[in-house]
Amino acid sequence: MAAVADVKQDKLLLLDGNSLAFRAFFALHNSLDRFTNSEGLHTNALYTFSNMLETILAAEQPTHMLVAFDAGKTTFRTQMFDDYKGNRSKTPSELSEQLPYFGEYLDALGIAHYQLVDYEADDIIGTLAKEAQGQMPVTIITGDRDLTQLTTANTTVKVTVKGVNELETYTPAHVQEKLGITPKQIIDMKGLMGDTSDNYPGVTKVGEKTALKLVKEYGSIETLYQHVAEMKKSKLKENLENDHEQAVLSKKLATINTAAPLTISLADIKRQAENQEKLIAFYEAMDFKSKLAKLQISKSTTSADADAAQKINAQELVAADLPQILKSPQPQAFEIDILGDNYHLEMPIGFAIGAADHWYYSQDLSLLTTPEFKAWLANRDHEKYVFDSKKTEVLLTRLGAPIAGMTFDLLLVSYLLNTFDNSNDLGVLAHLHGYQAVQTDLEVYGKGTKRAVPMDPEVLGHHLACKAQAIYRLKTPLLTQLKDNDQDQLYDEIEAPLALVLAQMELNGITVDSQRLQTMRLDFEKRLNDIQALIYEDAGHEFNINSPKQLGTVLFDELKLPVIKKNKTGYSTSVEVLEQLQGDNPIIDRILTYRQISKLQSTYITGLLKVIHPDHKVHTRYLQTLTQTGRLSSVDPNLQNIPVRLPEGRKIRQAFVPSHPDWEIFSSDYSQVELRVLAHVSGDANMQAAFKNKIDIHANTAMKIFHLADPSEVTPDMRRQAKATNFGIVYGISDYGLARNIGISRTQAANFIAAYFEQYPDVERYVKDIVEVARQQGYVETIMHRRRYLPDIHAKNYNLRSFAERTAMNTPIQGSAADIIKVAMINMQQRLAEENLQAKMLLQVHDELIFEAPATEIPILEKLVPSVMDSAVKLDVPLVVDSAHGPTWYDAKG
DNA sequence: TTCATCACG
DNA sequence: ACGTACGTGATGAAA
């Protein structure tokens, strides 16, 4: 079985078992209850660990491998220091009950695991990594940053960052770049700063910042103490002197022992072959159905075996079957697939239909346009259960066989239940809901350049049939959950009807004047050439201005401009940085202009020209099940980020025109909808009064935070800063963030916020309460009961937790605003039909709706659209809508 | 594929 | 002592 090792370069992979098991456990801490086997054993850590391991093995392909575990609570470190790891809370019983099974699992995979009395996993890893130096490259994977001290030219340490999916790779260079010290010096740093999680003290009042400074200056703790007497008198010096012993002890504790008395060596940890039987037994014992299924699928080499595993009663649909199937009054599941994402361009590759346990599939699209199938599709009394009603609607409309009566959409329901699992792959979602009898599209069609329709029509047919069956079988359980969550109205009255409205908007598209774009393209091309020549002159040579790397070299190495900010690949050359360099050198202004034009040219001129259809229109796709807040997003092309703020870019909008002569573009937008939602949900009387009395909300805020007595004292700049503060509140403010955004000191920002909360006390109460709500129930809700789960609200990691807290504040606001405009869109479409108007709703840009209409209908829209929008929902404050119109989108902006 | 950058609300 | 605004998508460069 050593054959594998012979053909491949040797490579050692060392895993920190305890640390990864902890990570794995807490990654799915929230769904603890969903992961238990038939005997009540929790399996979440095992499951996540298994997923991690699969990813890691695929990526690393080691020839030698070991997973190291801690042996017990006492080690040589606890002998040195009683309280080592003394404040660690007890391992949760739900995790410790899983630990014994890790070994069993690794055995089945043919991977070595090891623990050693009196030593920690770190020491085992350190010792083996040392043994491997000069023999083979080593990769260490852990959740514990302390192991980065083992980094060498031969040893890479990868540390889990976000949850378990992302790894940060530490090489000596990366350590140097991040901390400014060598890997070996990490123990000196730890010695000085101590470690709260391992509970050793370090030197009083010395944290990471100070520790790093000292290590950079002196090199090591030992040298530092040789020179401590020479330091000038300070609190720091005093603390260093007092805590000398502690520092030395802490350094010892932080040092990984690379000479542990192991009873194994490299030769013992070659990877062995998987033991399929053991693996199956393990998956069965743990109830890992999806992993079992995958094993079966990967085992079966012929399609016949795969079909047998799927156990579905499916057959190819022939015309003669149609009357029999379509006459049934029972609801049918209907699934139609394309290979890619763009259902406006691609043709379907096949479809499936059926109910209960009779399934039919076909690649013959002409069946769909037979009179009987068309009649069945168009009849809303024949209920259809689908996955992605918008896609289905667009595809069938394009085929000339419009569909009605889609009463269940698995994709939409799944998204409403949990925005986090927002895959568009039916198989993935079905698995998440515990339904295994269907493969993912990725598995059947492949990905990237290998993506293709399966050669065997039966394989495709069965996959389609399995998908239809999954839709059918998941309907009842998911609708029950929806009802339990009090989200059935959100689905029935908002998302389901909205999908059809969006389908019409997408199908309609918006006309683009490509002549206009071509003219702009030539103009931009000339200007880019001119500026480019000047920039080359300034730099003294040619280079790629679009390359941040090359640009950084020119500005900071060659022209010696001051470095303002760095990022992980080198110098930052972002707008913020360049603006601070303005005046230093004429090249800066030229680069800023070049950047601006080149952005417009690539993304909005050539980018847009590429996606114009033969009907002279662009047909975006609105993603209805993507965002975490309930907003839509727009792709292919994105029509929600067409330039508007700068005059130059704004002209792009002149290319968006009506599809008929004598028509106009009409646009209406909500004024400050998010702040109004905040006034509503917080119940703040002052903020509500401002909106009810039509007071300029930003000026109102300015008066308070600048302590002014009269509105006339508010300067435009004060208003600008107040506006930023209002936004800050909506985003889940911090003084630092506000300070950075409007360029004031952090203390001043803190004062603004304090004054803000004084003026709007119930807003302060709201932000506090909503975070508490998130902690208590694990999710937050919008006014229409849209949910966002926030598992990180309990995270130990400050960053993750803070982020969750900010989103807890922001999501109900942004999400409720999204709810409101969605209701408005549904009502709007309805009213346009009722009033027999030719006007078409074309676009939604979060708080605005864009239409095209005959010029004669503009006066009607000017009344109708705002009235529909401002009455979409009833809030405690009025909703205000502004409108504008003109011959192009550019002109339809107030 | 990932990163940096920049367009929008 | 931490490291910070919320939500998106497209592009070109570089790996």
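A note on names: the letters A, B, ... follow the listed sequences, proteins ahead of strands, and every chain is numbered from 1.
Partner assigned to dA1(C) is none, using Watson-Crick or G-U wobble distances below 3.5 angstrom.
Note on Ser802(A): nothing from the nucleic acid sits closer than 4.0 angstrom, heavy atoms only. At a threshold of 4.0 angstrom between heavy atoms, the contacts of Ala211(A) with the nucleic acid are absent. Contact annotation for Thr811(A): no contact, since no heavy-atom pair falls under 4.0 Å across all strands. Note on Asp636(A): only backbone sugar-phosphate atoms sit closer than 4.0 angstrom, heavy atoms only; bases stay farther off. Residue contacts shown for Ser598(A) are absent, as no nucleic acid heavy atom lies under 4.0 Å away. Nucleic acid contact class of Ile813(A) (heavy atoms, under 4.0 Å, all strands): none. Looking at heavy-atom distances under 4.0 Å, Arg788(A) makes contact with sugar-phosphate atoms alone, never a base. Residue contacts for Thr210(A): at a heavy-atom cut-off of 4.0 Å it reaches no nucleic acid atom on any strand shown. Val635(A) comes within 4.0 angstrom of sugar-phosphate atoms only, judged by non-hydrogen atoms across all strands, and of no base. Leu623(A) comes within contact range of the sugar-phosphate backbone alone, with a heavy-atom separation under 4.0 Å but no base atom that close.
Nearest-nucleotide mapping onto DNA chain C: of Ile729(A) and Lys549(A), the residue sitting toward the 5' end is Ile729(A). Between Gly207(A) and Gly728(A), the residue whose closest nucleotide on DNA chain C is further toward the 5' end is Gly207(A).
Closest contact between the side chain of Thr569(A) and the listed nucleotides dG9(C), dC3(B), dA10(C) involves dC3(B). Closest contact between the side chain of Asn810(A) and the listed nucleotides dA4(B), dT8(C), dC6(C) involves dC6(C). With distances taken from any side-chain atom of Thr627(A) to the nucleotides dC6(B), dG7(C), dA14(C), the minimum falls on dG7(C). Checked against dA5(C), dC6(C), dA4(B), the side chain of Ile733(A) finds its nearest nucleotide in dA5(C).
Under the 6.0 Å cut-off for aromatic ring centres, Tyr571(A) and Phe556(A) qualify, their centroids lying closer than that. Checked against the 6.0 Å centroid threshold, Tyr756(A) and Tyr760(A) count as a close aromatic pair.
The shortest distance between the side-chain N/O atoms of Thr573(A) and the OP1/OP2 oxygens of dT5(B) is below 4.0 Å. Side-chain N/O atoms of Asn741(A) include none lying less than 4.0 angstrom from OP1 or OP2 on dA5(C). In terms of phosphate contacts, Arg806(A) brings no side-chain nitrogen or oxygen within less than 4.0 Å of OP1 or OP2 of dT4(C). Using a 4.0 Å cut-off, no side-chain N or O of Thr629(A) falls inside it from OP1 or OP2 of dC6(C). In terms of phosphate contacts, Ser734(A) brings no side-chain nitrogen or oxygen within less than 4.0 Å of OP1 or OP2 of dA5(C). Of the side-chain N and O atoms in Asn544(A), one or more sit less than 4.0 angstrom from OP1 or OP2 of dA13(C).
Judged by distance alone with a 3.5 Å cut-off, no donor-acceptor contact links the side chain of Arg801(A) to the base of dT4(C).
Taking atom NZ of Lys568(A) as the reference point, atom P of dA14(C) lies 17 Å away to the nearest angstrom. In this entry the distance linking CG of Asp341(A) with P of dA10(C) reads 11 Å, nearest Å. Distance Asn422(A) CG to dG7(C) P: 13 Å, rounded to the nearest Å. Here the C1' atom of nucleotide dA13(C) and the CG atom of Asn567(A) are 13 Å apart, to the nearest Å. Rounded to whole angstrom, the span from the OH atom of Tyr571(A) across to the P atom of dT5(B) amounts to 14 Å. Here dG7(C) presents its C1' atom at 13 Å from NZ of Lys822(A), a figure rounded to the nearest Å. When the C1' atom of dC6(B) is taken as reference, atom CD1 of Ile591(A) falls 16 Å away, rounded to whole Å. As a whole-Å value, the separation of Lys190(A) NZ from dA1(C) P is 16 Å.
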Filtered N/O pairs between nucleotides 7-9 of chain B and protein, under 3.5 Å:
residue	atom	partner	partner atom	Å
dA7(B)	O4'	Tyr604(A)	OH	3.4
dA7(B)	N3	Asn641(A)	ND2	2.9
dC8(B)	OP1	Val644(A)	N	2.6
dC8(B)	OP1	Arg645(A)	N	2.7
dG9(B)	OP2	Arg645(A)	NE	3.3
dG9(B)	OP2	Arg645(A)	NH2	3.3
dG9(B)	O3'	Asp847(A)	OD1	2.7
dG9(B)	O3'	Asp847(A)	OD2	2.9
dG9(B)	N7	Arg645(A)	NH2	3.1
dG9(B)	N2	Arg631(A)	NH1	3.1
dG9(B)	N2	Arg631(A)	NH2	3.4
dG9(B)	N2	Gln814(A)	NE2	3.4
dG9(B)	N3	Arg631(A)	NH1	3.0
dG9(B)	N3	Arg631(A)	NH2	3.2

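Atoms OG and CE, from Ser816(A) and Met784(A) in turn, are 9.0 Å apart once rounded to the nearest 0.5 Å. Annotation: the span from Met841(A) atom CE to Phe666(A) atom CZ amounts to 12.5 Å, rounded to 0.5 Å. Separation of atoms CZ (Arg787(A)) and OH (Tyr779(A)) is listed at 3.5 Å; rounding is to 0.5 Å.
Within 6.0 Å of atom NZ in Lys617(A), more than 12 heavy atoms from other residues, nucleotides or ligands are found, so the atom counts as buried in its surroundings.
A salt bridge links Glu525(A) with Arg521(A): the closest approach of a Lys/Arg side-chain nitrogen to an acidic carboxylate oxygen falls below 4.0 angstrom.
Side-chain atoms of Thr888(A) and Gln654(A) form no donor-acceptor pair, as typed in the model, at a separation below 3.5 Å. Between Gln624(A) and Glu495(A), the side chains place a donor N or O and an acceptor N or O closer than 3.5 Å (distance only, hydrogens not considered). Side-chain contact check for Gln844(A) and Gln640(A): at least one donor-acceptor pair (N or O, by modelled atom type) lies under 3.5 Å.
Taking atom P on both nucleotides, dT4(C) is separated from dA4(B) by 13 Å, rounded to a whole Å.
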